[in-house]
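One is the number of the first residue; the rest follow in order along the sequence.
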Amino acid sequence: MKKHLLLASALTGLMAVGASGAFAQNIAIVNGKAVPKARVDALAQQLARSGRPVTPEMQGQIKEEVIAREVFMQEAEKLGLSASDDFKTQMELARQAILIRELFADFQKKNPVTDADLKGEYDKFVAANGGKEYKARHILVEKEDEAKAIIASLKKGGKFEDIAKKSSKDAGSGANGGDLDWANPSSYVPEFAEAMTKMNKGQLTDVPVKTQFGYHVIRVDDIRTAQLPPFEELKPQIAQQMQQQKLAAFQQGLREKAKVE
C-alpha cells in the first residue's frame, strides 16, 4: 500500500511539472485555446526588423496585442470569414509579398556589398567631382544682342546682381542676383562649363556663351579646390545605393530569363 502511495505521489509531481512547463510556453488561454509565447517573440522580432527598439516596457503591450488578435481571430473564424473568397485572395497576395521579400533578403544576404566595392564607388565619385569648384553668377537671356548689351552695361559699371534680377530668364538664380553657388563644372552643360573653367576669379565673359537654354553672361566670383565629404561619411549612403543597384539588376535578370508566353 505504501508503494502505491509513493508512486501516485511521484506521478502527480511529474504531471504538475509537465503542466507548468507547457503553460510556460503559452502567454494565455483564450476561450480554452492556448496562445503560444512564440507569437509574442515573432511580433517583437518584426518590430525590431522595422527599426523600432523593443523595450522591456513594450513587452506587456506586445502581449496584450497578441491576446487581442487571438480574440478577434476567434470571432472572425466563428463568423466563417476565413472561408470567404475575399479572405483567400488577400491571403494569397500576402503570401506572395512575403515570399518575394524573403527572396530579395536572401539575395542580399548572399551578395553583400564589400568594403572594396564601396571604396571603388567612392573613388569614382571623387574622380568625377574632384578638382576645382567655381562660385559663379550668370544672366540668361534669349537673344545674343541682349547678352552683348548686358556685357557692355556691366563693363561700364552696371551692377551684375541688379541686372540679373531684372533680366535673367533663369528665375531661380535671377532672384538671387544670378548666384549659382559653389558647383563642380560637371554640374553644367558642356558649353557653359568650358567657358567658365577658362576664366579667372573675378572675370566676366567678354562674349555671350550660347547653350540650349539661350545666351549666358557669366562671372566667376571665386575658385577653390573641391570640398568632398570623406569616405566614412558617405559610406552608408553609397552602400544603400549599391545594394539597391544590385537588387535591381537581380530582379531584371530574373525577368529577362523568365519564359513568358
Item checked: Worked verdict on Thr114 versus Asp117 for side chain to side chain donor-acceptor pair (under 3.5 Å) -> CA-CA 5 Å; Thr114 66; Asp117 294 334; 3.0 Å; yes
[atom1]/[X]: more than 12 non-hydrogen atoms of other groups inside 6.0 Å:
| X | atom1 | result |
| --- | --- | --- |
| Glu142 | CD | no |
| Arg224 | CZ | yes |
| Met58 | CE | yes |
| Lys169 | NZ | yes |
| Gln245 | CD | yes |

Hey, are the side chains of [X] and [Y] touching, using non-hydrogen atoms and a 4.5 Å cut-off?
| X | Y | result |
| --- | --- | --- |
| Gln244 | Gln240 | yes |
| Asn111 | Phe250 | no |
| Phe192 | Leu180 | yes |
| Glu70 | Asn31 | no |
| Phe87 | Leu81 | no |
| Lys63 | Ile67 | yes |

For [X] versus [Y], what's the shortest heavy-atom pair and its separation?
| X | Y | result |
| --- | --- | --- |
| Ser186 | Ala128 | OG-O, 3.7 Å |
| Ala195 | Val209 | CB-CG2, 3.6 Å |
| Ser187 | Ala183 | OG-CB, 4.1 Å |
| Phe125 | Pro229 | CE2-CD, 4.4 Å |
| Asp179 | Asp181 | OD1-N, 2.9 Å |
| Ile223 | Met199 | CD1-O, 3.9 Å |

Within this structure, what is the [atom1]-[atom2] distance for the pair [X] and [Y], rounded to the nearest 0.5 Å?
| X | Y | atom1 | atom2 | result |
| --- | --- | --- | --- | --- |
| Met242 | Tyr122 | CE | OH | 15.0 Å |
| Ile62 | Gln46 | CD1 | CD | 10.0 Å |
| Asn184 | Gln227 | CG | CD | 12.0 Å |
| Ile27 | Arg39 | CD1 | CZ | 8.0 Å |
| Gln108 | Leu103 | CD | CG | 10.0 Å |
| Thr197 | Tyr188 | OG1 | OH | 11.5 Å |

Salt bridge check, [Y] against [X]: does any charged N sit closer than 4.0 Å to a carboxylate O?
| X | Y | value |
| --- | --- | --- |
| Asp115 | Lys119 | no |
| Asp106 | Lys110 | yes |
| Lys88 | Glu92 | no |
| Lys135 | Glu133 | no |
| Glu102 | Lys109 | no |

Would you say [X] and [Y] are hydrophobically clustered, going by side-chain heavy atoms of ILVMFWY under 4.5 Å?
| X | Y | answer |
| --- | --- | --- |
| Val35 | Met73 | no |
| Phe213 | Met196 | yes |
| Leu99 | Met91 | no |
| Val189 | Trp182 | no |
| Leu43 | Phe72 | yes |

May I ask you to decide if [Y]'s main-chain N or O and [X]'s side chain share a donor-acceptor pair within less than 3.5 Å?
| X | Y | value |
| --- | --- | --- |
| Ser168 | Lys165 | no |
| Thr205 | Ile218 | yes |
| Asp123 | Gly120 | no |
| Arg137 | Glu161 | no |
| Thr89 | Asp85 | yes |
| Glu121 | Gln241 | no |
| Lys246 | Pro112 | yes |
| Gln237 | Leu234 | no |
| Asp222 | Lys201 | no |

Margin query: What verdict does the side-chain contact (heavy atoms from CB on, under 4.5 Å) test give for Gln251 and Phe104, after you've listed the backbone C-alpha separation in whole Å, the side-chain angles of each residue and the deciding distance to 0.1 Å?
Written below: CA-CA 9 Å; Gln251 294 170 352; Phe104 294 163; 3.2 Å; yes
Checklist line | Members sharing Val141's hydrophobic cluster (side chains within less than 4.5 Å) | finding: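 Members besides Val141, by chain and number: Ile139, Ile150, Ile151, Leu154, Phe160, Ile163, Leu204, Tyr215, Val217.
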Check: Under the side-chain contact (heavy atoms from CB on, under 4.5 Å) criterion, do Lys37 and Val66 qualify, and how do the steps go?
Finding: CA-CA 9 Å; Lys37 181 178 178 296; Val66 169; over 6 Å; no
Note to self: Under the criterion side chain to side chain donor-acceptor pair (under 3.5 Å), I'd like the reasoning laid out for Asp86 against Ser84: C-alpha separation, chi angles, the key distance, then a yes or no.
What the structure shows: CA-CA 5 Å; Asp86 182 60; Ser84 69; 5.4 Å; no
Next item on the list: Start with the C-alpha distance between Val260 and Arg255, add both sets of side-chain angles, then the distance that settles side-chain contact (heavy atoms from CB on, under 4.5 Å), and finish with yes or no.
Entry: CA-CA 9 Å; Val260 181; Arg255 190 67 180 84; 3.3 Å; yes
Note to self: Would you say His138 and Ser173 are linked by a side-chain donor-acceptor pair, where the criterion is simply a distance under 3.5 Å?
What the structure shows: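 Judged by distance alone, the side chains do pair up.
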Note to self: Is it true that Glu65 and Gln61 share a donor-acceptor pair across their side chains at a distance under 3.5 Å?
What the structure shows: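 Looking only at side-chain atoms, Glu65 and Gln61 do not form any donor-acceptor pair under 3.5 Å.
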